[in-house]
Amino acid sequence: NAGVTQTPKFQVLKTGQSMTLQCAQDMNHNSMYWYRQDPGMGLRLIYYSASEGTTDKGEVPNGYNVSRLNKREFSLRLESAAPSQTSVYFCASYPGTTFFPRGNSPLHFGNGTRLTVT
Amino acid sequence: KQEVTQIPAALSVPEGENLVLNCSFTDSAIYNLQWFRQDPGKGLTSLLLIQSSQREQTSGRLNASLDKSSGRSTLYIAASQPGDSATYLCAVGGRERDYKLSFGAGTTVTVRA
């Protein structure tokens, strides 16, 4: 059971370059999330998708775009990377369709993408 | 805005000692609280989830308590083992639709053999 799979695991970009982070889950979950984790800070929500075809901004959406390609896949795009976007990016999924997990099921996380922008 | 704090940021204990990890939050109107474990280079794994109506949850050597009125949760790990070495994060879920799941920065635990 693969759970949540993120690609790539590592990426180095130059300022101004673009890239797409991929996320796929095989648990038939409705909700998917993108978080970033910076040293000394908690995870911060970038975007989320409560169901296929819908996306909403989280706490720190500037500089990012997302696509919920289908129920399984949720991608995060950096159109013009900046050094401030150097971070570890996590994708997560949840069975329900609410904005954040309310029930008894926890979030399921991928192993992260470590992005450095120089 | 919900603020979640975990103190200390790092903790080192000898094997066999009980671990006590603290999480405090500023807004007591929460829906639930989760404790996660994060190993180096890995994602987060859910350990325990406490609903706002509950006082505690237990799983094996782990016990998490919740006191909404004081804005605190504590994760207890009994008889620590080197395999418990990891970063532990708590996350608080608010009640309103626009309320995000707010994470603490985590406590990094080292259990010395």
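Letters A, B, ... mirror the listed sequences (proteins, then strands); counts begin at 1.
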- Note on the structure: Applied to residues 38-55 of chain B, the salt bridge (charged side-chain N to carboxylate O under 4.0 Å, His left out) test, sequence neighbours excluded, yields B:Arg37-B:Asp39
- Task: Scan residues 72-90 of chain B for pairs that pass salt bridge (charged side-chain N to carboxylate O under 4.0 Å, His left out), counting only residues two or more places apart or in two chains.
- Result: B:Arg61-B:Asp84
Measure the [atom1]-[atom2] distance between [X] and [Y] for me, rounded to the nearest 0.5 Å.
{"X": "A:Glu59", "Y": "B:Ser102", "atom1": "CD", "atom2": "OG", "value": "7.5 Å"}
{"X": "B:Phe103", "Y": "A:Met41", "atom1": "CZ", "atom2": "CE", "value": "13.5 Å"}
{"X": "B:Leu44", "Y": "A:His108", "atom1": "CG", "atom2": "NE2", "value": "12.5 Å"}

- Do you know which of A:Ala92, A:Cys91, A:Gly42 has the most heavy-atom pairs with chain B at a distance under 4.5 angstrom? A:Gly42
- Please report the closest heavy-atom contact between A:Gly40 and B:Ala105, naming both atoms and the distance. O-CB, 3.4 Å
With clusters defined by side-chain heavy atoms of hydrophobic residues (ILVMFWY) lying less than 4.5 Å apart, directly or transitively, does [Y] cluster with [X]?
{"X": "B:Val4", "Y": "B:Leu33", "result": "yes"}
{"X": "A:Tyr47", "Y": "A:Leu78", "result": "yes"}
{"X": "A:Val88", "Y": "A:Phe74", "result": "no"}
{"X": "A:Phe90", "Y": "A:Leu21", "result": "no"}
{"X": "A:Tyr89", "Y": "A:Tyr33", "result": "no"}

- Residue pairs, two or more places apart or on separate chains, that pass disulfide (SG to SG under 2.5 Å) and touch residues 23-86 of chain B: B:Cys23-B:Cys90
- Query: Non-hydrogen atoms of chain B under 4.5 Å away: do they reach the side chain of A:Gln6, the backbone, both or neither?
  - Reply: neither
- Task: Measure distances from B:Gln38 to the heavy atoms of chain A and classify the residue's part below 4.5 Å as side chain, backbone, both or neither.
- Result: side chain
- Message: If the contact rule is any heavy atom under 4.5 Å from chain B, which residues of residues 110-118 of chain A qualify, in numerical order?
- Response: A:Gly110, A:Asn111, A:Arg114
- 4.5 Å side-chain heavy-atom contact, B:Gln34 and A:Leu107: yes
